[in-house]
Amino acid sequence: MIAFVWAESKNGTIGNHGGLPWKMPADMHHFKETTINHRILAGRSTYNSFGRPLPKRINMVLTNHDQSEFDDQVVVFNSLDQFLADYRENGDDVYVVGGAQVFKALLPYVDVLYRTVIDAAIDGDTKMPPIDYHKFKLVSQTHYAPDAKNQYPYTFETYQKQS
């Protein structure tokens with residue numbers, strides 16, 4: 001299974017200047033709980049925004065940059081074909097965590113969507129590529145009000161690809 005895990009504002013923003021344009025601890029906790037003990041795939045900029053390999057995960061990066069740029073703990077793929085060959089051979093679930101170019105490249109292969117919708121229009125320089133939600137079924141949806149730590153209302157959604 002290939003899954004996407006991301007947060008987006010209601011106007012589709014997913015990033016700004018290489019990072020998230022909001023502070024939402026509940027979403028960070030949800031991200032951690034969703035991806036822990038799994039293989040995660042990020043583009044170079046998204047991976048660099050973490051500042052280090054994320055613990056208790058197999059960190060993978062899809063980039064055309066030199067592998068020596070990355071920590072020895074990181075599995076680097078220099079092409080989509082190289083990643084897909086590894087995925088087909090390995091068979092383990094992969095959680096794609098961004099950025100927009102990686103989401104766009106893997107859209108034909110995604111099986112599950114874990115989306116956090118932040119109920120605010122937030123400015124940023126990176127938008128989520130369009131997804132045809134008619135190809136997916138909404139299987140869970142949980143709404144939350146803002147609180148002392150999370151300034152915006154938000155919703156966790158899970159979609160499964162329809163066969």
Side-chain angles (χ1 to χ4, degrees), residues 1-9 11-118 122-133 135-136 150 154-161:
M1 171 205 63
I2 293 178
F4 286 2
V5 183
W6 82 101
E8 69 178 81
S9 64
N11 59 329
T13 297
I14 63 172
N16 195 41
H17 301 295
L20 295 174
W22 50 72
K23 290 220 182 259
M24 297 284 294
D27 179 57
M28 298 310 300
H29 178 76
H30 178 69
F31 175 88
K32 180 179 178 180
E33 291 298 309
T34 303
T35 62
I36 200 121
N37 296 320
H38 292 290
R39 292 166 26 116
I40 62 169
L41 178 69
R44 180 184 52 83
S45 295
T46 298
Y47 173 79
N48 286 341
S49 75
F50 301 153
R52 61 181 166 72
L54 295 182
K56 297 185 180 179
R57 299 166 190 92
I58 296 173
N59 290 257
M60 303 183 301
V61 176
L62 180 60
T63 182
N64 55 12
H65 283 79
D66 186 9
Q67 188 165 350
S68 65
E69 180 180 323
F70 300 95
D71 187 287
D72 289 345
Q73 300 172 341
V74 177
V75 179
V76 178
F77 298 104
N78 293 119
S79 71
L80 181 62
D81 289 340
Q82 186 184 28
F83 163 74
L84 290 171
D86 179 80
Y87 168 70
R88 289 180 183 117
E89 182 179 315
N90 190 310
D92 287 343
D93 295 344
V94 174
Y95 290 73
V96 179
V97 298
Q101 292 178 345
V102 176
F103 286 135
K104 186 176 181 179
L106 287 166
L107 194 54
Y109 306 97
V110 67
D111 303 297
V112 179
L113 307 173
Y114 296 99
R115 176 172 78 160
T116 301
V117 179
I118 298 171
I122 300 172
D123 291 332
D125 58 16
T126 308
K127 303 282 186 185
M128 185 65 182
I131 294 174
D132 182 356
Y133 285 92
K135 295 180 179 181
F136 295 86
N150 300 281
Y154 58 99
T155 304
F156 296 139
E157 300 174 339
T158 303
Y159 293 83
Q160 298 238 323
K161 191 172 213 172

Taking side chain as C-beta onward, heavy atoms only, is E69 less than 4.5 Å from T63?
no
Can you establish whether the number of heavy atoms outside K127 located under 6.0 Å from its atom NZ is more than 12?
yes
Gap between atom NZ of K23 and atom CG of N150 - 0.5 Å precision:
12.0 Å
Give me the one residue out of Y109, Y95, Y114, F103 that meets ring-ring contact (aromatic ring centres under 6.0 Å, His included) with F4.
F103
Is the number of heavy atoms from other residues, nucleotides or ligands under 6.0 Å of K161 NZ greater than 12?
yes
In Å and rounded to the nearest 0.5 Å, what is the OG1 to CG distance from T126 to L20?
10.0 Å
Does the N16 side chain pair with the main chain of D125, one donor and one acceptor, at a distance under 3.5 Å?
yes
Could you pull out the closest heavy-atom pair between V96 and I2, with the gap in Å?
CG2-CG2, 3.8 Å
Note, F136 side chain near V110 side chain (heavy atom, < 4.5 Å)
yes
Can you measure from CG (N64) to CZ (R44) and round to the nearest 0.5 angstrom?
7.5 Å
Measuring only between side-chain heavy atoms, which start at C-beta, is V102 closer than 4.5 Å to T46?
no
Separation between CG of D27 and CD of E8, rounded to the nearest 0.5 Å
11.0 Å
Give the minimum heavy-atom separation between Y47 and A42, together with the two atoms involved.
N-CB, 3.9 Å
Nearest heavy-atom approach of T13 to W22 is O-CH2, 3.4 Å
Assess whether side-chain contact (heavy atoms from CB on, under 4.5 Å) is satisfied between D86 and R39, documenting all intermediate values.
CA-CA 12 Å; D86 179 80; R39 292 166 26 116; 3.0 Å; yes
Side-chain heavy atoms of L106 within contact of L80, under 4.5 Å
yes
Which atoms form the tightest heavy-atom contact between P129 and A100, and what is the distance?
CG-O, 3.3 Å
Measuring only between side-chain heavy atoms, which start at C-beta, is M60 closer than 4.5 Å to Y87?
no
To check you understand the geometry: which heavy-atom pair defines the closest contact between N37 and R57, and what is its length?
N-CG, 4.2 Å
Quick one: CG on N48 to NE2 on H65, what's the gap to the nearest 0.5 Å?
9.0 Å
pair F70-V75: side-chain heavy atoms closer than 4.5 Å
no
Check step by step if side-chain contact (heavy atoms from CB on, under 4.5 Å) holds for T116 and F31.
CA-CA 9 Å; T116 301; F31 175 88; over 6 Å; no
Decide yes or no for I131 and Y159: does some side-chain heavy atom of the first lie under 4.5 Å from some side-chain heavy atom of the second?
no
Taking all heavy atoms of P21 and all of G15, pick out the closest pair and write down the distance.
CD-CA, 3.8 Å
With a sphere of 6.0 Å drawn around CG of D132, does it hold more than 12 non-hydrogen atoms of other residues, nucleotides or ligands?
yes
A side-chain contact here means heavy atoms from C-beta on lying under 4.5 Å apart; do R52 and L54 qualify?
yes
Please determine, by modelled atom types, if S79 and D81 share a side-chain donor-acceptor pair under 3.5 angstrom.
no
For the CD1 atom of I58 and the CD atom of Q73, what is their distance to the nearest 0.5 Å?
11.5 Å
Verify, without hydrogens or angle tests, whether N59 (side chain) and I40 (backbone) share a donor-acceptor contact under 3.5 angstrom.
no
